[in-house]
Amino acid sequence: MSAVAVEPLRYPCRRDHTKFISISRKTKAFTTNYTPVPLSIGASHCSFRPARALPIRATSVDTAAVVETLQSDDVFFKETFPLEHTQKVEGKISVRLDGGKGQENWQLTVGCNIPGKWVLHWGVNYVKDVGSEWDQPPAEMIPVGSIPIKDYAIETPLKKSATVVEGNVNYEVKIDICTNKDIAAINFVLKDVETGAWYQHRGRDFKVALIDNLREDGRIVGAKKGLGVWPGTFGQLSSIFLKSEGAHPEVEESSGSGDPNLAKRLEGFFEEHSIVREVLINNSVSVVVQKCPKTSKNLLHIETDLTGDIVIHWGVCKGDAKKWEIPAEPYPAETTVFKKKALRTVMKIFLWIDKSATMDSHGVGLWKGIMKFWVDFSKKKESVQGGWSSFTLDEGYKGFVFVLKINENTWLNCMGNDFYVPLPNPSGLPAQSISGQRQEETNQAVSPDAYTDGIVKEIRNLVSNISSEKSRKTKTKAAQESILQEIEKLAAEAYSIFRTSIPTFSEEAVVESEALKPAAQITSGTGSGFEILCQGFNWESQKSGRWYMELKEKIAEISSLGFTVVWLPPPTDSVSPEGYMPRDLYNLNSRYGNTDELKLLVKRFHEVGIKVLGDVVLNHRCAQYKNQNGVWNIFGGLLNWDDRAVVADDPHFQGRGNKSSGDNFHAAPNIDHSQEFVRKDLKEWLLWLRKEIGYDGWRLDFVRGFWGGYVKDYLDATEPYFAVGEYWDSLSYTYGEMDHNQDAHRQRIIDWINATSGTAGAFDVTTKGILHAIKSPLKALERCEYWRLSDQKGKPPGVVGWWPSRAVTFIENHDTGSTQGHWRFPGGKEMQGYAYILTHPGTPAVFYDHIFSHLRSEISALISVRNRNKIHCRSKVKITKAERDVYAAVIGEKVAVKIGPGYYEPPSGPQSWSLATEGKDYKVWEAS
């Protein structure tokens, strides 16, 4: 599956105004589910002063707190925490074809109305180039500022348009079309330079046809609006970049060179396609603490520039363990008790306004109270909303703890921990000088055990009731089946809600269990533990039409290098030739070869002792028929499902199934795995592949799209030797630079593996991202940032550092490299990457293009070192150096590796070390 690591954009949202009006608000209903999502929090600004008199009076009625004059010297504690959270921004890609007088001066305009740096990656097809790749256009068509990409494409930056449409600035590029050059079509995709994302049309390249006899293939834009006589309808643009078909023009009948009638039939058109882009929003939350001189109570004020219905989930703690407790009343207005363990308060709304604006007496009072503290935010004059709450707390508490809820699934905390605010002790000195301390596991208010107690109890009661003797006698079989189906629906929906919430993974628990397992134990998540995976194809492999036979000739070479498992391309009939848009699952005649050729290939691999993985796409499937509304959601072949097999929450395909348990893939109908008939059919199909073809295991495409529990069901039924899932999403970035801490990213991969109960491994996208950055100027290996290869605990920073036996490490594949190059590894640094993954734990995967290239001998030497020293997926790593220009580690006390231009030699001691292999900026030693 084509996947792009997308870097979020940053849109600052600051609270920069020194006047505000408090707006009362009725209580909004909200659920009592606690689902914290750790966000990246930058440095905070903190200062402490001895506690002084604080003349504040807060009430619990539904009005704003009345705050009297506040002197900055009276503040005991104040701190402003930056907050980051993602938000989806919708926009449009526009495509316009305009003509001049007669049939001359035709111009193609491609635009986008989302701010950013956009590049048009484009090329042409000529009339006689049937079956060819893209070609570069004539020189006179290439706009100024364009860059040639090899010999087949052009990249042209979009420029800000002077025209503003509906308040939105448009970015566009104009291409003058040569109507006398026998051009059949213009093909393009749009690239977001800031994120690295690519946008296509229905999962394939956009195609603007310039002749009438171009066969409709679902990619042509403008066909409905007079661009000749092409039939067909057009879907919406997916916001996820998919695999293109190669952009063949597919001319059915050439009209000959230089035919002037080709251009004369052109008609102008204008189309727009929706896109969704994820951006990162910057906000902040500020806290002030003082002590009331009259009552000796602690007064705490919290403000944020977050908008909407913001809820504070809060409590107090008495000791260093930071165990959440509920304080004595009074509480602020709109406060509810959460499971007798914490409180939830809906923040009141304020509005920062222009300084010159007038305020009522209520606003004046509040302004006097907070003016000194918020003076830093007084520079801008436009209006910005936010929220605030004030709390009155008795003495005796050591701290105030809280998290913020901004919507049903998103909670903001401090660097992965609860916000912790120290409170004055009787001596007036700060209890602690740092916020954001990690909440202990004994915290009853938000710990996973406490959180799930009620849910688990209800489920057990329900199950007990269903299984009781009385229930068996009183409920019909049909009724019981109906209940079970409803439970399956609820389970899938619950997973989609909670999959980004409290992590189900304990690093320490996994590390401990890893140490207890024997390295040679065979499970589907690890194989034997000594596997080395070869990806046996690239993005172009399907073009010859006989890939199975070509790969068969290379089996002896692959075996001699020491590979134990080979991953083959998707075998099924597919709308896209690469196989990732499957249609008839039981039809194995694909662009790679026919069924008999595939069987023979698998047999030959088995003869040399190599296991074979089939690439299976279970998330989505292309329909063969339309429903009564003209929507493609009726399937053909042996698995002739109807729209009940399609998830209900993808509006493009009008499914009648349940909501998706994962992320939707908008280019094809997403399959509803909660349906029993779907799971039954897929298990039978996978078992058929195992028996008929001889596959030993699976590479699972786009597993973000459905719950890992379903994957476990499929793997339990098919008992593969080895299985690995492609869970691919964005790493964490701040202002365009990759964050050192990628725990949240690898946690999401770990959570998916955990959902499968460890029955499958996952590609370690985190490690690939750390070995090189997305944007060229930030590549770690070019910029000498080898310190990134050690996390805060001195362990490998990817999945391999937390759950090594389930990490399938790689540096390139058919999506990131090959001719696609969506996330290509830094050029000339590939062997540093292989020196890392082939000496470290995990299951390393080597890309086909690298095996059969000038890198082959160096890769072979590294594989030999790995096999000689019996490095396996659970081998221990001791990082001995992680500095600017060098990274070094000892693996299993048998192998030492150095990556980077800096100096390193293995430590002397009872072991003596000999150099095993080396290359540019890497060395590997063996212990003797």
Side-chain angles (χ1 to χ4, degrees), residues 1-12 84 86-95 109-123 143 145-147 149 153-161 168-175 187-206 221 236-244 247 271-282 663 665-667 704 728-739 745 765 768-769 772-779 815-817 820-824:
M1 193 70 231
S2 180
V4 180
V6 179
E7 163 201 335
L9 304 179
R10 276 79 182 171
Y11 281 72
E84 292 182 353
T86 58
Q87 192 173 72
K88 291 182 178 179
V89 175
E90 296 183 356
K92 300 283 187 182
I93 290 178
S94 59
V95 185
T109 303
V110 179
C112 179
N113 65 354
I114 298 180
K117 294 181 179 179
W118 299 95
V119 166
L120 191 74
H121 183 89
W122 65 287
S146 299
I147 299 174
I149 304 299
I154 296 293
E155 286 197 347
T156 306
L158 275 65
K159 297 181 180 180
K160 185 182 294 187
S161 171
N168 295 321
V169 176
N170 204 48
Y171 298 79
E172 62 184 22
V173 62
K174 296 180 183 292
I175 299 172
N187 305 285
F188 68 88
V189 293
L190 195 63
K191 179 180 179 180
D192 183 346
V193 177
E194 294 175 319
T195 68
W198 299 71
Y199 296 88
Q200 289 184 303
H201 180 234
R202 302 183 66 186
R204 293 191 273 175
D205 306 334
F206 282 86
V221 294
Q236 296 187 11
L237 174 72
S238 171
S239 64
I240 303 173
F241 180 71
L242 315 175
K243 300 176 176 64
S244 73
E271 286 188 4
E272 289 186 325
H273 301 268
S274 298
I275 61 172
V276 177
R277 190 188 199 200
E278 199 171 66
V279 300
L280 194 65
I281 306 298
N282 292 316
D663 295 333
F665 176 82
H666 297 294
R704 276 177 54 197
W728 195 300
D729 71 351
S730 305
L731 280 79
S732 300
Y733 288 78
T734 300
Y735 303 117
E737 184 167 354
M738 180 181 290
D739 295 340
H745 183 266
V765 181
K768 174 178 169 61
H772 76 127
I774 290 176
K775 293 201 284 188
S776 178
L778 302 178
K779 291 175 182 175
D815 288 325
T816 66
Q820 290 208 100
H822 296 331
W823 197 25
R824 197 180 302 280

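All residue numbers refer to positions in the sequence shown, counting from 1. In this text the structure is predicted, and so the values were computed from the model without any measurement.
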Could you tell me which non-hydrogen atom of [X] sits nearest to which non-hydrogen atom of [Y], and how far apart they are?
X      : Y      : value
Pro143 : Val173 : CG-CG2, 4.3 Å
Pro115 : Tyr171 : CA-CE1, 3.5 Å
Lys92  : Ser274 : NZ-OG, 3.0 Å
Ser730 : His745 : O-CD2, 2.8 Å
Leu158 : Leu120 : CD1-N, 3.7 Å
Asn170 : Ser94  : ND2-OG, 4.3 Å

Step-by-step salt bridge (Lys or Arg N to Asp or Glu O under 4.0 Å) determination, Asp192 to Arg277: CA-CA 10 Å; Asp192 183 346; Arg277 190 188 199 200; 2.5 Å; yes
Ring geometry between His273 and Phe206 (parallel below 30°, tilted from 30 to 60°, perpendicular above 60°):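 If you compare the ring of Phe206 with that of His273, the planes turn out perpendicular.
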From [X] [atom1] over to [Y] [atom2], what is the distance, rounded to the nearest 0.5 angstrom?
X      : Y      : atom1 : atom2 : value
His121 : Leu190 : NE2   : CG    : 11.5 Å
Ile149 : Glu155 : CD1   : CD    : 4.0 Å
Ile175 : Trp122 : CD1   : CH2   : 4.0 Å

Member of Asp205, Thr156, Val95 meeting the side-chain contact (heavy atoms from CB on, under 4.5 Å) criterion with Phe188: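 It is Val95, the one option of Asp205, Thr156, Val95 that forms the side-chain contact (heavy atoms from CB on, under 4.5 Å) with Phe188.
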Any side-chain heavy-atom pair of Glu272 and Asn113 under 4.5 Å: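 Of all side-chain heavy-atom pairs linking Asn113 with Glu272, none is under 4.5 Å.
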